[in-house]
Structures are given as C-alpha cells and as structure tokens.
Asks: 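Please read through the structure below; I'll follow up with questions.
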Amino acid sequence: MQENSTPARPGVAALKVKDVAEFLGVDKSTVYVAVRTGLIGSYRVGVGRGTIRIPRSALKTYADERGIPAAELGVAL
C-alpha cells in the first residue's frame, strides 16, 4: 500500500476518514481509495497498521482541485 506522508502541524487537529467521508458526502471506502491512490494526503498514527489521519490542508487541497467550495464541506479548513 502506498503511503502518503503529509506531516501533521502542531495545534491543528487532523481529520478521521469517517469525518472526511461525511464532509464529502461519500462512503468511507471512497476516502480510503483516494488516500491509497494519493489523491488525498494522509499519515498514520499508532503502532501496527495504525490509524489514518487526514490533515485539514490535504482536504482543502483535494476540494480546491475538484472545485468544491470549502463552505460546502462544513468544516473549518
């Protein structure tokens, strides 16, 4: 599996896959595919397989590239 390494910025809470899916109005599996293919930057937290986190900046970039207004996402980017 390809890993996208977008470092977390201190003080800025990253988003969970389920939250990003809700903001985009898609299924979690769609977000996992976007992460795996490099469309959305992410990083892992924890041991073993860990947990995927998506920086708000990565979600903003994804939305901007697709013409999705940030106001429609319902999350502060």
Side-chain angles (χ1 to χ4, degrees):
M1 184 166 131
Q2 182 181 7
E3 185 72 30
N4 299 319
S5 181
T6 305
R9 294 184 320 204
V12 177
L15 302 166
K16 296 178 181 179
V17 169
K18 71 175 189 165
D19 296 330
V20 172
E22 287 177 18
F23 297 143
L24 294 174
V26 298
D27 190 71
K28 290 188 306 184
S29 63
T30 303
V31 177
Y32 282 116
V33 169
V35 166
R36 188 176 65 245
T37 59
L39 294 175
I40 298 178
S42 66
Y43 61 94
R44 288 192 179 268
V45 177
V47 296
R49 289 181 45 200
T51 302
I52 294 175
R53 291 291 185 258
I54 299 169
R56 291 171 188 269
S57 60
L59 179 57
K60 181 177 183 338
T61 300
Y62 179 82
D64 289 345
E65 290 173 350
R66 281 147 189 81
I68 302 169
E72 286 186 18
L73 295 177
V75 62
L77 301 175

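This chain uses plain numbering: 1 for the first residue, then up along the sequence. Model, not experiment: these values are computed from the prediction.
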Asks: Could you pull out all donor-acceptor pairs under 3.5 Å where a side-chain atom in residues 20-33 meets a protein atom, sequence neighbours excluded?
Replies:
from	atom 1	to	atom 2	distance (Å)
Asp27	OD2	Ser29	N	3.1
Asp27	OD2	Ser29	OG	2.8

Asks: Minimum heavy-atom separation for Leu59 to Ile54, with atom names?
Replies: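 The answer is N-CG2, 4.3 Å.
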Asks: Whether the side chain of Arg56 engages the backbone of Leu15 through a donor-acceptor N/O pair (distance < 3.5 Å, no angle test) should be reported.
Replies: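 No, because the side chain of Arg56 does not come within donor-acceptor range (under 3.5 Å) of the backbone of Leu15.
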Asks: Taking all atoms of both residues into account, what is the closest heavy-atom pair of Arg49 and Arg44, and its distance?
Replies: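 Smallest heavy-atom distance, with atoms named: O-NH1, 2.6 Å.
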Asks: Can you list, pair by pair, the side-chain donor-acceptor contacts under 3.5 Å of residues 65-74, counting residues two or more places apart and other chains?
Replies:
from	atom 1	to	atom 2	distance (Å)
Arg66	NH1	Tyr62	O	3.2

Asks: Of the non-hydrogen atoms in Pro55 and Gly41, which two are nearest, and what is the gap between them?
Replies: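 Result for this residue pair: CD-O, 3.6 Å.
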